[in-house]
2 protein chains.
Amino acid sequence: MARAATTSDVFNAIAEPQRREILVLLRAGERPVTELAQELGMTQPRASKHLRVLREVGLVRDRKAGKQRLYGLDARGLRPIHEWTGGFERFWNESFDRLDAYVQDLKQARQEGGN
Amino acid sequence: MARAATTSDVFNAIAEPQRREILVLLRAGERPVTELAQELGMTQPRASKHLRVLREVGLVRDRKAGKQRLYGLDARGLRPIHEWTGGFERFWNESFDRLDAYVQDLKQARQEGGN
DNA sequence: TTGACGCATGCCTATATCGGCATATGATGG
DNA sequence: CCATCATATGCCGATATAGGCATGCGTCAA
C-alpha cells in the first residue's frame, strides 16, 4: 500500500499550500471558482479540484447562485487540528534546557515505573 | 508535476497518522526507535522512516546514547500550525447562521469597495 | 432552441509516498 | 578482530496525487 491516509482527511487537505490559500481567501466571504482561481493565479480546473478536496473533508460548502457556484468557508474542521497542536503547547513554551530536564524526568519515572 | 509540496514541510509531516502517533508518544520522553515501533505496532524500518521525516522537518531530534539512538520531541515546529488554524477560530465559534450573515456582509463590503 | 458562460470531470503523465524485505552501517562487548 | 545488537538505507511495488488539457453538463439570455 501507499499513502495509507489520503487526502480524505483534514490534515491532508490542508497539507497543500494552495488549499490553505483558498481557505484564507474564503475568510473574506463566499466566492465563485473563477474568482478564486484568478486571485490565486491558478487555472480554473485546478481550483475546482482543490475545492473538491476541501468540500469532501467538509472545510468548504458550496451553494448555487444562478450561473455561479459560491464556495464558502466551514472552518469547524480546523478546530481538531488546532486542538491537537495545542496539546504540544507546553513543549514549545519550555526552553530547551528545561525541556530536556523535563523529558529526562519523565523517562526516569517511566523506567522506575516499570514501563 | 505531482504533489508539489512534499513531506518536507511540517504540514505534510503531520498529515501522516502514524507520525502524529509518534509525536504524541514522544511527549512522554525520549525513546529509541525500537521501542517506538513496538508500542505503535509497526516494523522498525517503518518507524525509522517516519522518524526521518519528522527529523527533516525539525519536529524531533536525536542523540546517541551508546548503542541506541534516542529520539526526542521538538514541538516548536507545531506552533505555526497552531497559529494558522487559530486564525480561523472566530469562524468555528460563530454559529452558522451568524457566520453566513457575517460572510454576506463581507461580500457586500467587498463588492461595494470595488474589488 | 441556440449560444455563451461557469464550473466539474475525465484522461493522461510525472512524481512522490508508504510499506515490505533484505541488507548496510555503527557501536559495543568479548 | 568478530559477533551481536540497534538503527538506517536501498530497492521494489502499488497507489495516489497534482497538474494540464479538452470536454461534458447545467444555467441563463435572446
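Throughout, a chain's letter reflects where its sequence line sits, starting with A, and its residues are numbered from 1. Heavy-atom basis, side chains included; hydrogens, waters and symmetry copies ignored.
Proximity of B/R52 to the phosphate of D/dA8: no side-chain N or O atom is located under 4.0 Å from OP1 or OP2. Dashed line: the shortest gap from a side-chain N or O of B/Y71 to OP1 or OP2 of D/dA6 is not under 4.0 Å. One finds no side-chain N or O of B/Q68 lying less than 4.0 angstrom from the OP1 or OP2 phosphate oxygen of C/dT28. Note on A/T43: a side-chain N or O is less than 4.0 Å away from OP1 or OP2 of D/dG20. Using a 4.0 Å cut-off, no side-chain N or O of B/H50 falls inside it from OP1 or OP2 of C/dT17. Of the side-chain N and O atoms in B/R46, one or more sit less than 4.0 angstrom from OP1 or OP2 of C/dG19.
Residues meeting the side-chain contact (heavy atoms from CB on, under 4.5 Å) test with B/T43, sequence neighbours left out: B/P45, B/R46. For B/Y71, the ring-ring contact (aromatic ring centres under 6.0 Å, His included) test picks out no residue, with sequence neighbours left out. When the side-chain contact (heavy atoms from CB on, under 4.5 Å) test is applied to A/E21, the partners found at least two apart in sequence or on another chain are A/Q18, A/L40. Scanning for salt bridge (Lys or Arg N to Asp or Glu O under 4.0 Å) contacts around B/R20 gives an empty result, with sequence neighbours left out. With sequence neighbours excluded, the residues that form a side-chain contact (heavy atoms from CB on, under 4.5 Å) with B/R79 are A/W92, A/N93, B/E83.
Among the nucleotides D/dA8, C/dA8, C/dC11, the one closest to any side-chain atom of A/K49 is C/dC11. Looking at the side chain of B/S48, the nearest of the listed nucleotides D/dT9, C/dA8, D/dG19 is D/dT9.
Using modelled atom types, one finds a donor on one side chain and an acceptor on the other under 3.5 Å when comparing B/S48 with B/Q44.
In this structure, the separation between CD1 on A/I14 and CG on A/L54 is 10.0 Å, given to the nearest 0.5 Å.
Taking atom CD of residue B/E35 and atom C1' of nucleotide D/dT7, one finds them 14 Å apart after rounding to whole Å. To the nearest angstrom, P of C/dA16 lies 18 Å from CD of B/E16. Counting to the nearest Å, the P atom of D/dA18 and the CD1 atom of A/I14 are 14 Å from each other. Here the P atom of nucleotide D/dT7 and the CD atom of B/Q38 are 11 Å apart, to the nearest Å. Here the C1' atom of nucleotide C/dC18 and the CZ atom of A/F11 are 19 Å apart, to the nearest Å. Counting to the nearest Å, the C1' atom of C/dC18 and the CG atom of B/L51 are 15 Å from each other.
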Generate the contact string for nucleotides 22-30 of chain D. Rules: B means base contact, S means sugar-phosphate contact only, - means no protein heavy atom under 4.0 Å. B----BS--
